[in-house]
There are 2 protein chains.
Amino acid sequence: MDDIDRRIVQLLQTQARMSYAELARQVGLTSPSVQERVAKLERNEVITGYRAEINSEAIGLGITALIGIVTIAGSEYADVADAIREITEVESCYFMAGEESYLLKVRVGTMAELEYLVTRLSRLPGVGGTRTTIALSTKWESRPQDRS
Amino acid sequence: MDDIDRRIVQLLQTQARMSYAELARQVGLTSPSVQERVAKLERNEVITGYRAEINSEAIGLGITALIGIVTIAGSEYADVADAIREITEVESCYFMAGEESYLLKVRVGTMAELEYLVTRLSRLPGVGGTRTTIALSTKWESRPQDRS
DNA sequence: ATTGAAAATAGGCACGT
DNA sequence: ACGTGCCTATTTTCAAT
């Protein structure tokens, strides 16, 4: 991980479809060299994937909510996570320090769907309670970190 | 937005660097047709960007935390958001319903950096208080929604 | 450095309005 | 007749080794 690697990562973080040729021009190497570096970054799991960013409203998922999950004492944390994983509306899942063991970011199309989602979550084995807050707007999301 | 568009979106959501040629094969169209569709999806802001997913630990940002921000009555919400935006450690920022007006997802390398970050946030004009919780682990993040 | 593949672009055809 | 969406054909650029 030298400066050039960092520069490559930085470029791909915001323009993941950039060609190797273009990357090469920007970092001052040849295309094969850059290909080799990117392959190595992928192999070392510095780069773990490439995603198109989708406007969720455009695909009928206009509501974003955060749901804290309080687990029941004595339940297996991993089992709770596995159960939550089955629920496709849960875009992100963090195991947290604090009273709420999990924090979920979810997306749904309607309030009715959110209600249904919360009831499904609250019925999962090991789940003692939920606390839902709604995002009125997303100011920004998944902004790349500038560690350069 | 027909079924083919949805399929293209779905493919790019998980493999953003897939070539137009490969996309074309998968959806049963020619490469130029797919290019045209993708260009239109970008123009209509259904696809808003392409990002490489980076293993944050690998770039020295091993700590993920969530910070709720209580704003002071009478302060301009937008100004608070603008001030927060200047802080690069804040990867996501949601304007929330509830007591905490903003919820931030932040990444730092060390606890000392987190402490410094929280103090900077708490000093911003309009910020009345902060509540920080730490992610012990990320089970998953930015998982694509299956609206297909 | 070379070869095959893909991207980009232009032009035309068919369909539906 | 016009816009739309797909195709083919060609040139240029890129990927891969």
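Chain naming here is simple, since letters A, B, ... match the order of the sequence lines and numbering starts at 1 in each.
- Remark: A/K105 engages A/E91 in a salt bridge, criterion side-chain N to carboxylate O under 4.0 Å.
- A/Y20 carries B/R17 over the face of its six-membered ring, with the cationic atom under 6.0 Å from the centre and within 45° of the normal.
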With 3.5 Å as the limit, what N/O pairs link the protein to nucleotides 2-6 of chain D?
{"residue": "D/dG5", "atom": "OP2", "partner": "B/K40", "partner atom": "NZ", "Å": "2.3"}
{"residue": "D/dC6", "atom": "OP1", "partner": "B/R37", "partner atom": "NE", "Å": "3.0"}
{"residue": "D/dC6", "atom": "OP1", "partner": "B/R37", "partner atom": "NH2", "Å": "2.3"}
{"residue": "D/dC6", "atom": "OP2", "partner": "B/R37", "partner atom": "NE", "Å": "3.2"}

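- In the helix from C/dA1-D/dT17 to C/dT17-D/dA1, the rotation axis of the first five pairs and that of the last five pairs differ in direction by 20°, rounded to 10 degrees.
- When each of B/T132, B/V127, B/L104 is tested with B/L121 by the rule side-chain contact (heavy atoms from CB on, under 4.5 Å), just one qualifies, namely B/L104.
- Counting only distance, with no hydrogens or angles, the side chain of A/E115 and the backbone of A/M111 share no donor-acceptor pair below 3.5 Å.
- Protein atom CG of B/L23 is 12 Å distant from nucleotide atom P of C/dA8, rounded to whole Å.
- Heavy atoms of other residues, nucleotides or ligands lying less than 6.0 angstrom from CZ of B/R123 number 12 at most.
- Taking 4.0 Å as the cut-off between side-chain N and carboxylate O, A/E89 and A/R107 do not count as a salt-bridged pair.
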_Under 4.0 Å protein heavy-atom contact, by nucleotide of nucleotides 11-17 of chain D - B base, S sugar-phosphate only_ = ---SSBB
_Nucleotide-resolved protein contact map, nucleotides 12-17 of chain C, B/S/- at heavy-atom distance under 4.0 Å_ = ------
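- Using a 4.0 Å cut-off between charged nitrogen and carboxylate oxygen, A/R43 and A/E36 count as a salt-bridge pair.
- With hydrogens and angles left out, the side-chain atoms of B/T119 and B/S122 include no donor and acceptor closer than 3.5 Å.
- Cation-pi geometry between B/K139 and A/F95 is met: the NZ or CZ atom falls under 6.0 Å from the ring centre, inside 45° of the normal.
- For A/E45, the CD atom counts as loosely surrounded, since its 6.0 Å shell holds 12 or fewer non-hydrogen atoms of other residues, nucleotides or ligands.
- For A/Y94, there are no ring pair (Phe, Tyr, Trp, His ring centres under 6.0 Å) partners at least two apart in sequence or on another chain.
- Under the side-chain contact (heavy atoms from CB on, under 4.5 Å) criterion, B/L11 pairs with B/R7, B/M18, B/L23, B/Q26, B/V27, not counting sequence neighbours.
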